[in-house]
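Only this structure's heavy atoms are used, side chains among them; waters, hydrogens and symmetry mates stay out. Computed from a predicted structure; not experimentally measured.
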Amino acid sequence: QVQLVESGGGSVQAGGSLRLSCAASGRTFSSYSMGWFRQAPGKEREFVAISWSGGTTYYPDSVKGRVTISRDNAKNTVYLQMNSLKPEDTAIYYCAASSKVYGLVNPGGYDYWGQGTQVIVSS
């Protein structure tokens with residue numbers, strides 16, 4: 001069982017930056033693939049970033065170059081650094097953990113989810 005707790009959300013003006021954190025319980029954090037997703041009102045949950053257990057990362061084109069995922073296995077924490085934020089980045093951001101390696105751009109590939117943290121970007 002893994003519990004995930006996100007923090008670091010808030011309100012920021014367009015062009016600003018935020019760093020989200022996701023603290024995980026459990027002793028096997030380093031073996032999990034960790035992902036970030038977001039969900040805006042009325043929209044489906046959208047993939048934002050992933051860090052596989054070996055450290056490889058992947059981003060969709062919508063955020064590539066503006067977002068960086070990193071992890072500190074000693075602290076059981078994964079981070080999402082977001083720069084050059086746009087109003088369309090406004091959403092609830094969720095971290096998720098998966099024991100799988102494939103199929104992780106889809107929410108269904110994950111075993112555990114955090115409660116989410118709100119990000120609001122104003123123009």
**OP:** Answer with yes or no whether the hydrophobic clustering places I92 together with L80; edges join I, L, V, M, F, W, Y residues whose side-chain heavy atoms lie under 4.5 Å apart.
**Re:** no
Original post:
I50 pairs by side-chain contact (heavy atoms from CB on, under 4.5 Å) with which of Y59, Y58, F37?
Top reply: Y58
Subject >> Residue among E6, Q118, M82 satisfying side-chain contact (heavy atoms from CB on, under 4.5 Å) with Y93 >> reply: M82
Original post:
Okay, side chain of T90, backbone of V121: is any donor-acceptor separation there less than 3.5 Å?
Top reply: yes
Original post:
How far does CD of Q1 sit from OG1 of T28, to the nearest 0.5 angstrom?
Top reply: 11.0 Å
Subject >> ILVMFWY network linking L18 to V48, side-chain heavy atoms under 4.5 angstrom >> reply: yes
Original post:
Among R38, Q39, Q115, whose side-chain contact (heavy atoms from CB on, under 4.5 Å) with Y94 holds?
Top reply: Q39
**OP:** Answer yes if Y110 and L4 sit in the same cluster of Ile, Leu, Val, Met, Phe, Trp and Tyr residues linked by side chain heavy atoms under 4.5 Å apart, and no otherwise.
**Re:** no
**OP:** Might you point out which heavy atoms bring D111 and S99 nearest each other, and give the distance in Å?
**Re:** OD2-N, 2.8 Å
Original post:
Heavy atoms, side chains only, cut-off 4.5 Å: are E46 and P60 in contact?
Top reply: no
Original post:
If you measure from CZ on R71 to SG on C22, what distance do you get to the nearest 0.5 Å?
Top reply: 10.0 Å
Subject >> Pairwise distance CG(L85) to CG(N83) - rounded to 0.5 angstrom >> reply: 7.0 Å
Original post:
Is the number of heavy atoms from other residues, nucleotides or ligands under 6.0 Å of K64 NZ greater than 12?
Top reply: yes
**OP:** Write down the atom of A91, the atom of A40, and the distance for their closest heavy-atom approach.
**Re:** CB-N, 3.8 Å
Original post:
Which atom pair, heavy atoms only, marks the closest approach of V2 to A24?
Top reply: CG1-CB, 4.3 Å
**OP:** Mind listing the closest non-hydrogen atom pair of P87 and A14 along with its distance?
**Re:** CD-CB, 4.1 Å
Subject >> salt bridge (Lys or Arg N to Asp or Glu O under 4.0 Å) against R66, all qualifying residues, sequence neighbours excluded >> reply: D89
**OP:** Could you tell me the separation between the CZ atom of F29 and the CG atom of D72, rounded to the nearest 0.5 Å?
**Re:** 8.0 Å
Subject >> Approximate separation, where rounding is to 0.5 Å, of W52 CH2 and S98 OG >> reply: 10.5 Å
Original post:
Any chain of hydrophobic side-chain contacts (each under 4.5 Å) joining Y112 to L20?
Top reply: yes
Original post:
Should V63 and M34 be regarded as members of a common hydrophobic cluster, given that ILVMFWY residues are connected when their side-chain heavy atoms come within less than 4.5 Å of each other, either directly or indirectly?
Top reply: yes
Original post:
Going from NZ on K100 to OH on Y32, what distance comes out if it is rounded to the nearest 0.5 angstrom?
Top reply: 10.0 Å
Original post:
Around K75, counting heavy atoms of other residues, nucleotides and ligands shown, do more than 12 lie under 6.0 Å from its NZ?
Top reply: no
